[in-house]
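Lettering of chains follows the sequences in order, A, B, ..., and the numbering in each one begins at 1. Computed over heavy atoms, backbone and side chain alike; hydrogens, waters and symmetry mates excluded.
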There are 2 protein chains.
Amino acid sequence: MPKNKATIQSIADTLGVSVSTVSRVMNGVGKKYRISAKTIAAIHETADKLNYTPNNIAKSLRLKKTFTVGLIIPDISNPWFAKIAMRIEEESRKRGYNIFLCNSNGDITVEKESLKLLENWKVDGIITAPIGIEYSHLLKSYKNGMPLVLVDRFFEKAELPYVSTNDEQGAFDANELLISYGHVNIACIQGLVGTSQNRQRVDGYKKALKKNGLKVEESLIVGSDFGYDNGYNEAKKIIKELHKNKVTAIFSTGNQITLGVLKAFKEESIRIPEDISLISFDENNYSELLYTPISTVSHVDNEIGSKAVAMLFNQINEEETEEVQRILAPTHLIERDSVRRIK
Amino acid sequence: MPKNKATIQSIADTLGVSVSTVSRVMNGVGKKYRISAKTIAAIHETADKLNYTPNNIAKSLRLKKTFTVGLIIPDISNPWFAKIAMRIEEESRKRGYNIFLCNSNGDITVEKESLKLLENWKVDGIITAPIGIEYSHLLKSYKNGMPLVLVDRFFEKAELPYVSTNDEQGAFDANELLISYGHVNIACIQGLVGTSQNRQRVDGYKKALKKNGLKVEESLIVGSDFGYDNGYNEAKKIIKELHKNKVTAIFSTGNQITLGVLKAFKEESIRIPEDISLISFDENNYSELLYTPISTVSHVDNEIGSKAVAMLFNQINEEETEEVQRILAPTHLIERDSVRRIK
DNA sequence: GTGAAAGCGCTAACAA
DNA sequence: TTGTTAGCGCTTTCAC
């Protein structure tokens with residue numbers, strides 16, 4: 001807090017009026033209290049002169065309301081989360097609320113600390129894209145009366161409101177496409193095990209296989225996180241064992257994984273889709289501009305952020321407290337050139 | 001602020017001790033004051049039982065310090081800014097500080113509002129990537145004693161500390177490369193006019209031309225913002241007038257512009273670099289995986305965020321108040337296949 | 001039309 | 001070793 005010292009008190013003192021008068025004027029209810037136009041003008045003037053900035057901290061303490069919403073995101077540098085964060089910020093600002101941002105770094109300990117912190121800051125509500133492994137802390141906070149909405153990821157079993165996308169359906173569709181094109185040995189490069197996202201996508205993959213009478217070969221479900229390196233490494237392994245695993249198509253569960261796979265294929269001179277087919281979760285504006293335009297599952301939904309904010313404010317304003325709301329937005333398939341028909 | 005009611009007062013009451021005792025225990029200075037182990041345990045226990053969460057608002061008001069830094073970013077959904085924001089959050093957290101996030105949406109009015117807001121919240125310091133057109137509000141705040149650091153963009157004329165990259169040099173290098181490969185009619189697709197970034201990049205372009213005895217043709221400097229659509233539209237125009245403008249190479253000032261250009265070229269069946277050469281500002285992990293791997297100017301510097309935080313804390317802790325610090329990190333050229341030698 | 005004063009939850013100087 | 005109390009800046013009830 002820098003030195004700026006002006007308060008309503010100091011304004012009142014220099015003008016010889018009371019703090020209540022200044023407070024009223026600063027809050028724009030001057031004429032409602034029939035304070036003389038002269039006084040109002042004088043107050044504004046000295047406020048300017050003294051470089052007065054209202055103290056929201058004091059205001060919040062007094063009002064027991066901070067006009068602030070806390071946001072916990074695993075990684076804002078991920079465009080997907082960043083886009084959601086942006087919408088949340090915008091929508092909150094429209095309602096006169098500000099954002100307290102916390103990165104959880106994909107680390108459950110940091111997530112828990114961040115939650116505690118936001119509670120300490122007495123934010124009016126919390127929106128979070130949880131790591132997705134544990135939720136007792138979130139549930140506790142929510143049960144304790146903290147307005148809370150989950151975005152992007154959720155917990156099937158918990159009584160926690162969320163807005164997310166139906167990744168399982170998306171994954172299912174992608175793999176059905178692969179199967180309909182004749183692929184049987186499909187590798188799945190998964191993301192962070194234990195997250196709802198990963199579970200949904202892998203489940204969609206499995207369901208598509210089963211529904212089409214194919215056996216789920218656990219050794220074909222590989223990888224361990226949503227990063228570029230994971231994609232790169234797993235792709236290299238798959239290529240090396242092509243004679244053994246007979247893989248003809250890969251289902252990548254995330255955009256960074258896909259980029260890693262592409263890099264590996266390029267290094268090994270593996271052509272897409274001639275040598276191997278690829279379909280990926282996550283649509284990006286560069287997807288069609290890659291050396292082979294990639295077929296993707298798009299779960300872009302610009303409304304996720306705004307829906308979450310709306311849900312949160314429902315809770316804050318205690319409209320419809322009856323039951324926890326859940327929204328699952330649909331995904332859709334974008335077909336390009338990365339999948340080859342082999343039958 | 002949800003209902004949670006426990007305060008140190010209520011803990012004190014239920015235990016029949018004083019608030020100071022509770023305060024001391026909650027702040028971990030219990031034994032320093034030789035409070036009995038029994039009391040300490042009892043306090044922690046009831047705190048737990050009552051679901052006590054410390055009130056940072058009250059604490060801040062009392063201490064006149066919020067342990068909070070404000071961050072104003074034009075567009076958090078831009079990976080470049082998001083990465084910086086992430087580092088800033090991380091580094092601040094390490095120091096026990098939290099982030100108050102404001103999106104300026106590339107709108108100077110919103111930027112000004114955000115600044116005012118952060119002042120009202122009495123943040124201990126501000127880091128901002130300014131829109132880059134006006135800076136009087138920032139300067140005023142800084143002169144008033146608010147610790148402040150600019151990132152990514154800066155004002156040559158203002159006495160404001162910043163950490164940014166030397167985009168002019170990067171642009172210069174890129175265009176010298178083009179020229180050394182025999183290109184003479186080079187189009188420059190610029191970003192938002194008036195921003196330091198754009199100015200730097202366009203200046204680098206001009207300098208390279210001049211230094212090599214080429215005339216700067218203003219009609220070849222086109223475009224108006226850093227978006228995808230701008231790249232797309234301008235590329236289409238350039239192609240349409242190829243017989244007139246004789247353009248053989250394009251210098252794109254940003255990654256989204258480049259993606260737009262690529263899309264346009266693809267639609268028009270323009271080959272890179274056979275039909276036209278392309279070099280772009282901004283390296284991304286997909287740059288080498290595009291249908292033609294793109295030569296880029298990389299200004300990736302993971303240290304921008306952490307340097308900015310370090311600078312800010314210098315100010316907050318009033319170490320070295322003597323002069324405003326400025327850092328310009330170097331860029332470097334990554335050559336790939338998108339530039340053709342024509343002489 | 002304006003003011004006095006209580007109190008939001010906390011810390012820390014001073015007392016005991 | 002623990003307690004009492006003033007006060008951070010603000011809003012708002014009650015009083016005049």
Side-chain angles (χ1 to χ4, degrees), chain A residues 1-43 46-47 50-68 119-124, chain B residues 1-43 46-47 50-68 119-124:
Chain A
M1 241 188 252
K3 57 193 172 198
N4 205 324
K5 322 182 51 75
T7 67
I8 54 169
Q9 186 64 255
S10 54
I11 296 179
D13 289 351
T14 52
L15 255 69
V17 298
S18 78
V19 286
S20 5
T21 304
V22 179
S23 172
R24 283 165 189 142
V25 172
M26 296 315 296
N27 284 305
V29 290
K31 19 182 188 292
K32 212 179 99 191
Y33 281 87
R34 285 172 289 176
I35 296 172
S36 74
K38 214 169 72 181
T39 317
I40 293 184
I43 288 175
T46 44
L50 298 183
N51 235 317
Y52 170 73
T53 46
N55 188 327
N56 281 1
I57 300 286
K59 195 170 185 162
S60 294
L61 181 60
R62 177 63 229 240
L63 296 181
K64 295 171 133 307
K65 193 141 180 25
T66 55
F67 299 98
T68 277
E119 285 176 336
N120 294 356
W121 276 112
K122 307 295 171 187
V123 296
D124 293 337
Chain B
M1 237 186 254
K3 56 192 174 203
N4 205 323
K5 323 181 50 75
T7 68
I8 53 169
Q9 186 64 256
S10 56
I11 297 179
D13 289 351
T14 52
L15 257 69
V17 298
S18 77
V19 286
S20 15
T21 304
V22 179
S23 172
R24 283 165 189 142
V25 171
M26 295 316 295
N27 285 304
V29 290
K31 17 181 187 295
K32 211 179 99 190
Y33 281 87
R34 283 173 289 177
I35 296 171
S36 74
K38 212 170 75 181
T39 317
I40 295 184
I43 289 176
T46 44
L50 298 182
N51 235 317
Y52 170 73
T53 45
N55 188 328
N56 281 1
I57 299 285
K59 196 171 186 162
S60 294
L61 181 61
R62 177 63 230 239
L63 296 182
K64 294 170 134 306
K65 193 142 179 24
T66 55
F67 298 99
T68 278
E119 285 175 335
N120 294 356
W121 276 112
K122 306 297 172 188
V123 297
D124 293 338

Return no unless some side-chain N or O of [X] is found under 4.0 Å from OP1 or OP2 of [N].
X: B:S60; N: C:dC10; answer: no
X: B:S18; N: D:dT2; answer: no
X: A:Y33; N: D:dC14; answer: no
X: B:K64; N: D:dG9; answer: yes
X: B:T21; N: D:dG3; answer: yes

Taking any heavy-atom pair under 4.0 Å as a contact, classify B:V19: base, sugar-phosphate, or nothing.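 The answer is base, as B:V19 lies within the cut-off (heavy atoms under 4.0 Å) of a base atom.
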
Would you mind classifying the nucleic acid contact of B:I35 as base, sugar-phosphate or nothing, using non-hydrogen atoms under 4.0 angstrom? sugar-phosphate

Could you tell me how far apart [X] ([atom1]) and [N] ([atom2]) are, to the nearest whole angstrom?
X: A:N56; N: D:dC8; atom1: CG; atom2: P; result: 19 Å
X: B:I43; N: D:dT2; atom1: CD1; atom2: P; result: 8 Å
X: B:I40; N: D:dT2; atom1: CD1; atom2: C1'; result: 12 Å
X: B:K65; N: D:dC8; atom1: NZ; atom2: C1'; result: 15 Å
X: A:I11; N: C:dT2; atom1: CD1; atom2: P; result: 16 Å
X: B:M26; N: C:dA12; atom1: CE; atom2: C1'; result: 17 Å
X: B:L63; N: C:dC10; atom1: CG; atom2: P; result: 12 Å
X: B:K122; N: D:dC10; atom1: NZ; atom2: P; result: 7 Å

Can you name the closest pair of heavy atoms from [X] and [Y] and give their distance?
X: B:L63; Y: B:F67; answer: CD1-CE1, 4.5 Å
X: B:A6; Y: B:L50; answer: CB-O, 3.5 Å
X: A:I35; Y: A:I40; answer: O-CD1, 3.7 Å

Please pick, from [options], the nucleotide with the shortest atom-to-atom distance to any side-chain atom of [X].
X: B:S36; options: D:dC10, D:dT2, C:dT2; result: D:dT2
X: A:N55; options: C:dG3, D:dC10, D:dT4; result: D:dC10
X: A:T7; options: C:dC8, D:dG3, D:dC10; result: D:dC10

Which residue lies toward the 5' end of DNA chain C, A:R34 or B:P54, if each is placed at its nearest nucleotide? A:R34

Can you say whether a donor on the side chain of A:S20 sits under 3.5 Å from an acceptor on the base of C:dA4, or the other way round?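 Side chain to base: pair present.
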
Check if the side chain of A:R24 and the base of C:dG1 share a donor-acceptor pair of N or O atoms closer than 3.5 Å. no

Are any side-chain N or O atoms of A:S23 and backbone N or O atoms of A:V19, one a donor and one an acceptor, separated by less than 3.5 Å? no

For side-chain contact (heavy atoms from CB on, under 4.5 Å), just list the numbers for B:L15 and B:I43, CA-CA rounded to whole Å, side-chain angles, deciding distance to a tenth of an Å, and then say yes or no. CA-CA 8 Å; B:L15 257 69; B:I43 289 176; 3.7 Å; yes

If you measure only the distance, is there a donor-acceptor pair under 3.5 Å linking the side chains of A:K122 and A:T68? no

